[in-house]
Amino acid sequence: MKLTYPLIRNGAAALLLAIPLVAAMAAYPDRVIKIVVPFPAGGSTDLVARSVAQEMGKALDQTVIVENRAGAGSVIGSEYVARATPDGYTLLFSGATSIYMPYLYKDLAFKPVDDFVGIGLVADIPNLVAVNAKTPYKSVAELVKEAKSKPGEIAYASAGVGTPAHLVCELMAAGTGVKLLHVPYKGNAPAVADLLGGQVPVMCNNLAGTLPFMKGDSRIRILAVTGVKRSLAAPDVPTFAEAGVPGLESGIWQALVAPVATPKAIVATLSNALSKALESPVLRERLAALGAEPLTGTPAAYEARVKKETAIWTPVLKSLDLKPQ
């Protein structure tokens with residue numbers, strides 16, 4: 001009988017230790033939730049995240065804020081969240097860059113996919129190839145024809161090495177057997193400015209970063225967009241498949257994730273709130289204005305998308321000698 005006393009005491013101690021955690025989970029969320037955006041304020045990812053935060057706050061009856069921690073191609077903000085306490089109060093607005101990151105930064109102190117658990121997908125913004133309207137290229141086929149006669153001479157701009165738009169142009173080039181000259185910029189705005197000014201004839205970009213420059217301005221012509229169907233924001237622009245380049249379906253997909261050890265009950269609460277947010281007419285209207293399509297806010301949808309994107313991009317990423325700017 002004496003041997004049972006330490007066991008009873010140990011069991012009681014463990015129970016007492018567990019009570020605060022259970023109580024905390026039951027009360028979740030009882031304070032402000034922070035969504036970290038690993039990019040500067042004002043970009044398409046930031047704009048979507050702020051709209052999501054506002055609608056999730058309504059669903060959770062709690063304040064949800066956005067904090068920008070930009071730098072190193074989203075590494076700084078992502079690592080910050082990976083190391084955060086897994087209590088559901090520090091989340092990451094993640095997505096496509098989590099697949100690319102290991103190929104750009106060889107000595108990462110965290111795992112961009114494995115160190116997080118998915119709360120759900122948020123939105124997909126199409127990528128595209130656009131040209132200055134003064135160029136003779138009216139279609140992807142015309143651009144490809146010219147590029148084949150001038151290997152490595154036709155320059156295209158992107159927001160930076162390893163960005164989704166950069167990789168889309170590389171996939172387009174690989175799929176059509178041409179070689180283009182990549183001119184990486186430090187962000188979307190200077191790249192678009194040089195496209196508008198004619199300093200560079202071609203640009204790969206995302207739709208949200210291109211549409212604002214096209215309102216009342218005819219200096220940019222979009223040749224094709226990613227996706228299995230045409231974007232409602234640019235219905236006259238063909239998909240890459242329609243333009244003769246199959247396999248280019250992936251846009252800038254965005255997702256909400258948490259540190260991997262976050263309790264399942266908290267992940268479920270956040271996922272339910274995200275799903276409600278994505279059903280909001282207000283959020284859907286804001287996404288439509290950015291040319292973004294709402295996705296499915298569940299962990300299962302996130303896991304499936306990561307698996308699919310990894311299979312698509314790994315061969316391309318391995319073939320490129322990517323170096324951060």
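Note that the structure is a prediction, hence the values are computed from the model and not measured. Index from 1, following the sequence.
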Is the backbone of A208 close enough, under 3.5 Å, to the side chain of N206 for a donor and an acceptor to pair up by distance? yes
Do L143 and M172 have side chains that get closer than 4.5 Å, going by heavy atoms? yes
Go through the steps to decide whether L128 and N205 satisfy the test side chain to side chain contact (heavy atoms under 4.5 Å, CB included), and finish with yes or no. CA-CA 5 Å; L128 57 87; N205 196 8; 4.2 Å; yes
Minimum side-chain heavy-atom gap F110-M101 below 4.5 Å: yes
Which distance, rounded to the nearest 0.5 Å, do you find between the CG of L278 and the OG of S51? 11.0 Å
Quick one: do T239 and V228 satisfy side chain to side chain contact (heavy atoms under 4.5 Å, CB included)? Show the steps, please. CA-CA 7 Å; T239 64; V228 295; over 6 Å; no
Do F93 and L256 come within less than 4.5 Å of each other through their side chains, counting heavy atoms only? yes
First locate atom OG1 of T314, then atom CD of E309, and finally report the distance between them rounded to the nearest 0.5 Å. 10.0 Å
Quick one: pull up OG in S94 and CD1 in I119 and give me the separation to the nearest 0.5 Å. 10.5 Å
Knowing that exactly one of V48, L121, L295, V52 qualifies, which makes a side chain to side chain contact (heavy atoms under 4.5 Å, CB included) with Q254? V48
Which pairs with one or both residues in residues 236-277 pass ring pair (Phe, Tyr, Trp, His ring centres under 6.0 Å), sequence neighbours excluded? none
Where S44 and I125 come nearest, the two heavy atoms and their spacing: CB-CD1, 4.0 Å
Distance in Å, L60 CG paired with T269 OG1, rounded so as to fall on 0.5 Å steps: 7.5 Å
Does K148 have any side chain to side chain contact (heavy atoms under 4.5 Å, CB included) partners at least two apart in sequence or in another chain, and if so, which? V144, V178
Are any of the side-chain heavy atoms of I33 and L270 separated by less than 4.5 Å? yes
Residues forming a salt bridge (charged side-chain N to carboxylate O under 4.0 Å, His left out) with E153, sequence neighbours excluded: none
So, does R221 use its side chain to make a donor-acceptor pair with the main chain of V131 at under 3.5 Å? no
For the pair S271 (side chain) and G297 (backbone), establish whether a donor and an acceptor sit closer than 3.5 Å, ignoring hydrogens and angles. yes
Can you list everything that forms a side chain to side chain contact (heavy atoms under 4.5 Å, CB included) with L47? Sequence neighbours excluded, please. L290
Less than 4.0 Å between a side-chain N and a carboxylate O, is that true for K58 and E55? yes
Could you tell me whether the side chain of R230 and the main chain of P235 form a donor-acceptor pair under 3.5 Å? yes
What residue pairs, at least two apart or across chains, pass ring pair (Phe, Tyr, Trp, His ring centres under 6.0 Å) with a residue in residues 287-319? Y100-W313
Above 12 or not: heavy atoms from other molecules or residues under 6.0 Å from NZ of K134? no
Which other residues end up in the same hydrophobic cluster as I65, if Ile, Leu, Val, Met, Phe, Trp and Tyr are linked when side-chain heavy atoms come under 4.5 Å apart? V32
V113 and I99, any side-chain heavy atoms less than 4.5 Å apart: yes
Give a yes or no on whether K34 atom NZ has more than 12 heavy-atom contacts from other residues, nucleotides or ligands under 6.0 Å away. yes
Which pairs pass ring pair (Phe, Tyr, Trp, His ring centres under 6.0 Å) with one or both residues in residues 131-164, sequence neighbours excluded? Y156-H182
Please, which pairs that meet salt bridge (Lys or Arg N to Asp or Glu O under 4.0 Å) have at least one residue in residues 72-99, sequence neighbours excluded? R31-D87, E79-R83
For L287 and A123, which heavy atoms make the closest approach, and how far apart are they? CD2-CB, 4.1 Å
Minimum heavy-atom separation for L181 and G152, please, with both atom names. CB-O, 3.5 Å
Hey, could you give me the CD1/OG1 distance between I222 and T210, rounded to the nearest 0.5 Å? 5.5 Å
Does any part of the side chain of V225, heavy atoms only, come nearer than 4.5 Å to the side chain of E242, both counted from C-beta? no
Contacts of K138 meeting salt bridge (charged side-chain N to carboxylate O under 4.0 Å, His left out) (sequence neighbours excluded), chain-then-number -> none
Would you check if the side chain of R69 reaches a backbone N or O of V37 as a donor-acceptor pair within less than 3.5 Å? no
Those residues at least two apart in sequence (or on a different chain) that pass side chain to side chain contact (heavy atoms under 4.5 Å, CB included) with P102 are P112
If only atom types and distance count, is the side chain of N132 paired as donor or acceptor with the main-chain N or O of L195 below 3.5 Å? yes
Do the side chain of S149 and the main chain of E146 share a donor and acceptor less than 3.5 angstrom apart? yes
Should I76 and P38 count as side-chain neighbours, where that means a heavy-atom distance under 4.5 Å? no
Would you please test L196 and V192 for side chain to side chain contact (heavy atoms under 4.5 Å, CB included) and show each step? CA-CA 6 Å; L196 287 167; V192 174; 4.0 Å; yes
Exactly one of C204, S158, P184 should register a side chain to side chain contact (heavy atoms under 4.5 Å, CB included) with T163. Which one does? S158
Taking only residues two or more places apart in sequence, or in another chain, which ones meet D194 in a side-chain hydrogen bond (donor to acceptor under 3.5 Å, both in side chains)? Y185
Can you see which heavy atom on L207 is nearest to which on S231, and at what distance? CD2-OG, 3.3 Å
A155 and V183 have their tightest heavy-atom pair at CB-CG2, 3.8 Å
Which residues pass the salt bridge (charged side-chain N to carboxylate O under 4.0 Å, His left out) test with D46, sequence neighbours left out? R50
Quick one, T226 and P126 - any side-chain contact, counting heavy atoms below 4.5 Å? yes
Atom of I266, atom of T262 and distance for their closest heavy-atom approach: CG2-CG2, 3.9 Å
About how many Å separate CG of L167 and CG of L317, when rounded to the nearest 0.5 Å? 5.5 Å
